[in-house]
There are 2 protein chains.
Amino acid sequence: MTYQVDGIAALADPTRRAIFERLADRPFAVGELAKELPVSRPAVSQHLKVLKDAGLVIDRADGNRRIYQVDPDGVGALRAYLDKFWNRALTAFKDAVEKGGETLS
Amino acid sequence: MTYQVDGIAALADPTRRAIFERLADRPFAVGELAKELPVSRPAVSQHLKVLKDAGLVIDRADGNRRIYQVDPDGVGALRAYLDKFWNRALTAFKDAVEKGGETLS
DNA sequence: ACTTACCGTTAGTAATGACTTACCAAGTGG
DNA sequence: CCACTTGGTAAGTCATTACTAACGGTAAGT
């Protein structure tokens, strides 16, 4: 489930990562985020859409405003994806060292 | 150390991720990778440079060829970065649920 | 020495994407 | 009902970047 891979692409952009890092601490409304960032509010809105499509954040209506917060499931999926490579890279590296015995730069 | 954050940006590109996924299984030469991918050899070379600058792969000279393989340290740094958010997101989410008691879509 | 194979780099182009301005919809309070 | 707030969307611009073609450089084979 949540075979959402391109959460990586979503976190590649610096502005988007800044938004995500703030949301990691506590929920935020769109305008609140825009005030703390050097970009306009529509830009924040577009970034939040990307993060939402990537499954990294979820949003809720609060009267006039929309509250965004991190989705632990999305972060967990990314973590699982990276863990897969972590393990594969470790075994591949170990095999290469055993067979080749060479040290790389 | 290895405060290498933009390994994320390096893995954002689909072609680069395809290269990285192959290297996760075993070491490859540049020409080998180019044969399996729908892009030219110089493109693969450029992507490998980005991955190398991001600390995700390491390369070694083997006579005429260059062998690339995954750098476990780089993957580990990415994993550590994500783990930080994983924990923060979990606690933030827990706090939000406790205080608000609201379920999000 | 010549040819072939393998690879990195450069230059130039096409495509992707991040941003702002402007506009529109919905909720809130006088 | 009207003014204000809040936020998503559209259109257009500008920078970034992924790609190919062409070149040069080094190693291996004949």
Side-chain angles (χ1 to χ4, degrees), chain A residues 4-23 26-71 100 102 104-105, chain B residues 4-23 26-71 100 102 104-105:
Chain A
Q4 189 67 37
V5 176
D6 271 344
I8 297 186
L11 288 183
D13 183 71
T15 303
R16 223 143 46 208
R17 202 149 50 207
I19 293 176
F20 185 73
E21 291 184 4
R22 281 174 176 65
L23 291 181
R26 68 171 181 87
F28 273 89
V30 181
E32 287 177 309
L33 289 169
K35 272 176 207 154
E36 299 192 6
L37 295 170
V39 295
S40 67
R41 188 194 49 76
V44 174
S45 217
Q46 292 164 359
H47 284 307
L48 284 171
K49 177 177 174 59
V50 174
L51 290 173
K52 183 180 177 182
D53 290 344
L56 291 176
V57 301
I58 47 184
D59 62 331
R60 156 186 35 127
D62 175 35
N64 209 9
R65 321 187 304 168
R66 292 206 76 86
I67 310 297
Y68 282 82
Q69 66 182 67
V70 170
D71 182 4
E102 320 217 5
L104 305 185
S105 58
Chain B
Q4 189 66 37
V5 175
D6 272 344
I8 297 186
L11 288 182
D13 183 71
T15 303
R16 222 140 48 205
R17 201 150 49 209
I19 293 175
F20 185 72
E21 291 184 4
R22 281 172 177 67
L23 291 181
R26 68 172 181 87
F28 272 89
V30 180
E32 288 178 309
L33 289 169
K35 274 175 205 155
E36 298 191 6
L37 294 171
V39 295
S40 67
R41 187 196 51 76
V44 174
S45 216
Q46 293 165 358
H47 284 307
L48 285 171
K49 177 178 175 57
V50 175
L51 290 173
K52 183 180 177 182
D53 289 344
L56 290 175
V57 302
I58 47 185
D59 62 332
R60 157 185 36 127
D62 174 36
N64 209 8
R65 321 187 304 168
R66 291 205 76 84
I67 310 297
Y68 282 82
Q69 66 183 68
V70 170
D71 182 2
E102 319 218 4
L104 305 185
S105 57

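Because the structure is predicted, anything quoted here is derived from the model rather than measured. Lettering of chains follows the sequences in order, A, B, ..., and the numbering in each one begins at 1.
Residue-level contact check: B:Arg41 touches the bases, meaning some heavy atom is under 4.0 Å from a base atom.
Listed nucleotides: C:dA22, C:dC7, D:dT6. Nearest to the side chain of A:Pro42: C:dA22. When the nucleotides C:dT20, D:dC19, C:dC6 are ranked by their closest atom to the side chain of B:Asn64, C:dC6 comes out on top. Nearest nucleotide to the A:Asp13 side chain, out of D:dG8, C:dC19, C:dC7: C:dC19. Nearest nucleotide to the side chain of A:Lys49, out of D:dT9, D:dG7, D:dC19: D:dT9.
Distances shorter than 4.0 Å separate some side-chain N or O of B:Thr15 from OP1 or OP2 on D:dC19. Within the structure, a side-chain polar atom (N or O) of B:Arg16 is placed less than 4.0 Å from OP1 or OP2 of D:dA18. Close to D:dA28, at under 4.0 Å from its OP1 or OP2, lies no side-chain N or O of B:Arg65. Distances shown here put a side-chain N or O of B:Ser40 below 4.0 Å from the OP1 or OP2 atom of D:dT20. Contact annotation: A:Tyr68 reaches the phosphate of D:dG8 (side-chain N/O to OP1 or OP2, under 4.0 Å). The side chain of B:Ser45 places an N or O atom within less than 4.0 Å of a non-bridging phosphate oxygen (OP1 or OP2) of C:dG8.
Side-chain N or O atoms of B:Asp13 include one that pairs as donor or acceptor with a backbone N or O of B:Arg16 at under 3.5 Å.
Spacing between atom CZ of A:Arg17 and atom C1' of C:dA18 amounts to 15 Å, rounded to whole angstrom units.
Donor-acceptor pairing under 3.5 Å, judged by distance alone, is present between the side chain of A:Gln46 and the base of C:dT20.
Closest approach of B:Ala12 to B:Arg17, counting heavy atoms only: O-NH1, 4.0 Å.
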